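One structure below.
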Number of protein chains: 2
Amino acid sequence: MESISARTDTCASAPKAHPRPEGQDRYTISEVVAHSGLTAHTLRWYERIGLMPHVDRSHTGQRRFSNRDLDWLAFVGKLRLTGMPVADMVRYAELLREGDQTFAERQELLEATRRDVKTRIAELQGTLAVLDFKIDFYGGARAASEGV
Amino acid sequence: MESISARTDTCASAPKAHPRPEGQDRYTISEVVAHSGLTAHTLRWYERIGLMPHVDRSHTGQRRFSNRDLDWLAFVGKLRLTGMPVADMVRYAELLREGDQTFAERQELLEATRRDVKTRIAELQGTLAVLDFKIDFYGGARAASEGV
DNA sequence: TAGAACCTTGGAGTGCACTCCAGGCAAGCG
DNA sequence: CGCTTGCCTGGAGTGCACTCCAAGGTTCTA
């Protein structure tokens, strides 16, 4: 077994992985497209910019993604939802590649992200309150104009 | 008084308006910059694309924003937080300009936005769960490596 | 073994939301 | 009066995150 952090971190998004498109461990790019919802272009681009941790290749050079790659993509998808810039995700991927000595920095990055997410949730709830206020106004005005 | 919807909707973000930079009703662009956090460039751009409802001008052609404009900008800021595309906000502004017959469409737009916001909050909470899971792992591993 | 469907690359293009620039007008101050 | 500061315009530029293209190699099915 490798070191604790390198081993567990890339595939610890959830204790049990979700069901895979095929039960195997070598997926073509189009299988990953179907499973992840990303385009093939985007998957290749992610690899180019260093956001994928070394995708395996067939003997003729075609990509073969592993279950671990799918886990990583699922995690990246979560980070994308938070609005985190891709550059920051690349930074996190680099830290992973650098091994155990980046442990503390990775932890800090995740905690900063958690703080951001909580802030954004609070902002959205504030927005929700404003929307509710306005929608109530519309509802009330319509009721009034209908003589209710 | 004007019609119900035109009158109330542009300034109904909150029952009481927040304290204004000066107590007046004619602000220069730099005052609005200080109050809204937007740049002057962005304010002019908003006006150009139809996202501002007709900003008043001084006798020499300089912009003079009203309290109503500030209210509108605050609402736009809320919408921006939801990730709504600027084009959709422009659409809403157009509906406002068109008057009462767009009432139902405006209401529907706000309700669709509310649904989007709720979805996004749920997504973010899912992401938060993943982050918590990973952060717990980091905390646990560090505790273990310290012999705790 | 032919053809369709898939995969490869580097590099160029797209859409969004700003962001800035050049060149000029205007207002306040010593 | 000159100087600084603020504001005006149309149009060009920026950064991000893809998105697509051309030209060619590979894999699968009939």
Side-chain angles (χ1 to χ4, degrees), chain A residues 21-22 24 26-52 54-66 69 72-73 75-94 113 116 120 123, chain B residues 21-22 24 26-52 54-66 69 72-73 75-94 113 116 120 123:
Chain A
E22 330 285 327
Q24 314 232 346
R26 288 173 69 78
Y27 309 101
T28 64
I29 199 164
S30 61
E31 287 169 327
V32 179
V33 164
H35 183 252
S36 69
L38 298 167
T39 70
H41 297 302
T42 300
L43 289 168
R44 295 193 195 102
W45 178 67
Y46 277 3
E47 191 178 349
R48 250 193 304 194
I49 65 175
L51 188 50
M52 285 300 300
H54 221 88
V55 177
D56 200 18
R57 299 295 179 119
S58 74
H59 69 106
T60 54
Q62 297 196 351
R63 288 174 185 79
R64 293 294 178 261
F65 293 81
S66 67
D69 294 330
W72 171 249
L73 284 171
F75 179 56
V76 165
K78 291 288 183 192
L79 292 182
R80 222 159 38 100
L81 286 177
T82 71
M84 178 187 277
V86 167
D88 290 3
M89 299 184 216
V90 171
R91 175 76 187 132
Y92 186 77
E94 279 168 0
T113 304
D116 288 351
R120 172 144 294 127
E123 286 171 349
Chain B
E22 331 285 325
Q24 314 231 347
R26 288 174 68 79
Y27 309 101
T28 65
I29 199 165
S30 60
E31 287 169 327
V32 178
V33 164
H35 183 252
S36 68
L38 298 167
T39 70
H41 297 302
T42 301
L43 289 169
R44 295 194 195 101
W45 178 66
Y46 277 5
E47 191 179 347
R48 247 191 306 191
I49 65 176
L51 188 49
M52 285 300 300
H54 221 88
V55 178
D56 201 18
R57 298 296 179 118
S58 75
H59 69 106
T60 55
Q62 298 195 353
R63 288 173 184 80
R64 295 292 178 263
F65 293 81
S66 67
D69 293 331
W72 172 250
L73 283 171
F75 179 56
V76 165
K78 291 287 184 193
L79 292 182
R80 223 159 39 101
L81 286 177
T82 70
M84 178 188 276
V86 167
D88 290 3
M89 300 184 216
V90 171
R91 174 77 187 131
Y92 185 77
E94 278 168 0
T113 305
D116 288 351
R120 172 144 295 127
E123 287 171 348

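Everything numeric in this text was worked out from a predicted model, so none of it was measured. Here is the naming used below: chain letters follow the sequence lines, and residue numbers restart at 1 for every chain. Below, all heavy atoms of this structure are taken into account, side chains as well, without hydrogens, waters or symmetry copies.
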What are the atom names and distances for every N/O pair under 3.5 Å that joins the protein to nucleotides 28-30 of chain D?
none

(message) Ignoring hydrogens and geometry beyond distance, is a side-chain donor-acceptor pair present between B:D69 and B:S66 at under 3.5 Å?
(response)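 Yes, because at least one side-chain N or O of B:D69 sits under 3.5 Å from a partner of the opposite role on B:S66.
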(message) Using only atom types and a distance under 3.5 Å, with no angle test, would you say the side chain of B:E47 pairs donor to acceptor with the backbone of B:R44?
(response)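 Pair absent, no side-chain N/O of B:E47 close to backbone of B:R44.
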Indicate the atoms forming the closest heavy-atom contact of [X] with [Y], along with that distance.
X     : Y      : result
B:T82 : B:R120 : O-NH1, 2.8 Å
A:E31 : A:Y27  : OE1-CA, 3.0 Å
B:V33 : B:L43  : CG2-CD1, 4.0 Å
A:Y46 : A:L73  : CD2-CD2, 4.0 Å
B:V90 : B:L51  : N-CD1, 3.8 Å

(message) Under 4.0 Å from a heavy atom of chain B: give me the 5'-most and 3'-most nucleotides of DNA chain C that qualify.
(response)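 Counting from the 5' end, contacts occupy C:dA17 to C:dA27.
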(request) To the nearest 0.5 angstrom, please state how far the CG atom of B:D116 sits from the CG atom of B:L79. (result)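 Result: 11.0 Å between the selected atoms.
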(message) side chain to side chain contact (heavy atoms under 4.5 Å, CB included) for A:M84 and A:Y92? Distances and angles first, verdict last.
(response) CA-CA 11 Å; A:M84 178 187 277; A:Y92 186 77; over 6 Å; no
Write out a two-atom table: protein N or O, nucleotide N or O from nucleotides 6-8 of chain D, distance below 3.5 Å.
from	atom 1	to	atom 2	distance (Å)
D:dC7	OP1	B:T28	OG1	3.4
D:dC7	OP1	B:S30	N	3.4
D:dC7	OP1	B:S30	OG	2.8
D:dC8	OP1	B:R63	N	2.7
D:dC8	OP1	B:R63	NH1	2.8
D:dC8	OP2	B:R44	NE	3.0
D:dC8	OP2	B:R44	NH2	3.2
D:dC8	OP2	B:R63	NH1	3.1
D:dC8	O5'	B:R63	NH1	3.4

(request) Begin from the C-alpha positions of B:R57 and B:R64 and carry the test side chain to side chain contact (heavy atoms under 4.5 Å, CB included) through to its verdict. (result) CA-CA 5 Å; B:R57 298 296 179 118; B:R64 295 292 178 263; over 6 Å; no
(request) Assign each of A:H59 and A:T39 to its nearest nucleotide of DNA chain D by heavy atoms, then name whichever residue's nucleotide is nearer the 5' end. (result)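 By nearest-heavy-atom nucleotide position, the 5'-most residue is A:T39.
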